[in-house]
Number of protein chains: 2
Amino acid sequence: MENCIRECADKNQLNRCAESLEEISLEIQQIASILNIAGNEVRLKIFHLLNEEQEMCPCDLSDVLQMTVPAISQHLKKMKTAKLLFSEKRSQTIYYSINYEESKILLPMLESLKQVSV
Amino acid sequence: MENCIRECADKNQLNRCAESLEEISLEIQQIASILNIAGNEVRLKIFHLLNEEQEMCPCDLSDVLQMTVPAISQHLKKMKTAKLLFSEKRSQTIYYSINYEESKILLPMLESLKQVSV
DNA sequence: TCTTTATTTAAGTAATTGCTTAAATACAAT
DNA sequence: ATTGTATTTAAGCAATTACTTAAATAAAGA
């Protein structure tokens, strides 16, 4: 079911495009999922704060971001589930930090945010 | 209304964080909005295709992505509204292309997707 | 053991997303 | 003028998102 009936439609181009997409479909999926998680103001702020402070707990983040603890906890869970964060429990407190290996495509942005405040 | 009553909560750190966020609040907003748009499989595919092919029309994209034309059109509108795309009408056809200036934070990802298929 | 503190989980909800189909718009060609 | 092609816009809808409040879990300290 083609939508383009134009003469000028370049069948070779369309085939090339379809093949290219198939080759990278896995990467596209992974990157889209990371960008989707980072494409939220609260979560991007969390990334930035963890990038500056190394590690923070939900309750400190809730103070800084002026949001309820459960709201923060749900954002952290989403980031953790995607393996973008590590967490480490020390007594009652859980410290979250960035998994830089999994988050590497976000690094340029985080670095640029660091620059701003200098 | 502080949530952290912990002794170990470092007030200086929390103040520093709050200030940092305020300084970059505009950048955070802008970047989050771009990542939000790119953090969708269909739109990321459109970015990738436009990056490889220079320009494409909604109807070719609809063929390649196997989606209805209105569905594609709505994605393009969202990207165009955010100024991430240019559009140029030549007779009946509208050609979309990437506004690289506004999309520059996405470039590293687009480049890495290009590498994959080599 | 009982209370406090830090955190997560669950349930409910309003807003947003991304599609669908149908209709509207705009331009070209006959 | 009329038909065909490319595109957008609109309305409707199911699924998802991001919060809320309340309850559950877990560890520490009195």
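Naming convention: chains lettered A, B, ... in sequence-line order (proteins, then strands); numbering from 1 in each chain.
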message = Any base atoms under 4.0 Å from B:Arg90, or only sugar-phosphate, or nothing? Heavy atoms, all strands.
response = nothing

key: Rounded interatomic separation in angstrom, taking CG from A:Leu61 and C1' from D:dC19   = 17 Å

request  = Using atom CD1 of B:Ile94 as one end and atom P of C:dA28 as the other, report the distance to the nearest whole Å.
outcome  = 12 Å

key: Shortest non-hydrogen contact between A:Ile98 and A:Ser103, atoms and distance   = CG2-OG, 3.8 Å

inquiry  = In whole Å, I'd like the distance from the NE2 atom of B:His75 to the P atom of C:dT17.
reply    = 12 Å

ask   = D:dT7 base to B:Gln74 side chain: any donor-acceptor pair below 3.5 Å?
value = no

remark   = Note: A:Met109 and B:Met109 closest approach over all heavy atoms is CE-CE, 3.2 Å

ask   = Rounded to the Å, how far apart are B:Leu44 CG and C:dG18 P?
value = 13 Å

key: Closest nucleotide among C:dT20, C:dT8, C:dT7 to the A:Pro70 side chain   = C:dT8

query = In whole Å, what is the span from the CD atom of A:Glu41 to the P atom of D:dC19?
reply = 10 Å

task = Output yes when at least one side-chain N/O atom of B:Asn40 is less than 4.0 Å from OP1 or OP2 of C:dG18, else no.
result = yes

query = Which comes earlier along DNA chain D counting from the 5' end, the contact point of A:Lys89 or that of A:Val42, where each point is its nearest nucleotide?
reply = A:Val42

query = Do side-chain atoms of B:Ser20 reach the backbone of B:Arg16 as a donor and acceptor pair under 3.5 angstrom?
reply = no

inquiry  = If you compare every side-chain N and O of B:Thr68 against the phosphate oxygens of C:dT20 (OP1, OP2), does one of them come in below 4.0 Å?
reply    = yes

request  = Could you tell me the separation between the CD atom of B:Gln92 and the P atom of D:dT3, rounded to a whole number of Å?
outcome  = 17 Å

request  = For C:dT9, take OP1 and OP2 only and decide whether either is under 4.0 Å from a side-chain N or O of A:Lys77.
outcome  = yes

query = In terms of the nearest nucleotide of DNA chain C, which residue is placed more toward the 5' end: A:Tyr96 or A:Asn36?
reply = A:Tyr96

request  = Establish, with yes or no, whether the OP1 or OP2 oxygen of D:dT8 is under 4.0 angstrom from a side-chain nitrogen or oxygen of B:Lys80.
outcome  = no

ask   = More 5' along DNA chain C: B:Ser91 or A:Leu76, using each one's nearest nucleotide?
value = A:Leu76

ask   = Nearest of D:dT7, C:dT21, C:dT7 to any side-chain atom of A:Thr93?
value = C:dT7

message = Could you report the tightest heavy-atom contact between B:Ala82 and B:Ile37, atom names first, then the distance?
response = CB-CD1, 3.2 Å

ask   = If you pin B:Ile72 and A:Gly39 to their nearest nucleotides in DNA chain D, which one's is more 5'?
value = B:Ile72

message = Between A:Lys78 and D:dA18, is there a contact of a side-chain N or O with OP1 or OP2 at under 4.0 Å?
response = yes

ask   = In whole angstroms, how far is the C1' atom of C:dT21 from the CE atom of B:Met67?
value = 15 Å

ask   = Can you tell which of C:dT20, C:dG18, C:dT8 lies closest to the side chain of B:Ala71?
value = C:dT20

key: Under 3.5 Å: donor-acceptor pair, side chain of B:Thr81, backbone of B:Lys77   = yes

Heavy-atom donor-acceptor pair, A:Ser87 side chain to A:Tyr95 backbone, under 3.5 Å = no

key: Distance, rounded to the nearest Å, where A:Arg43 contributes CZ and D:dT17 contributes C1'   = 9 Å

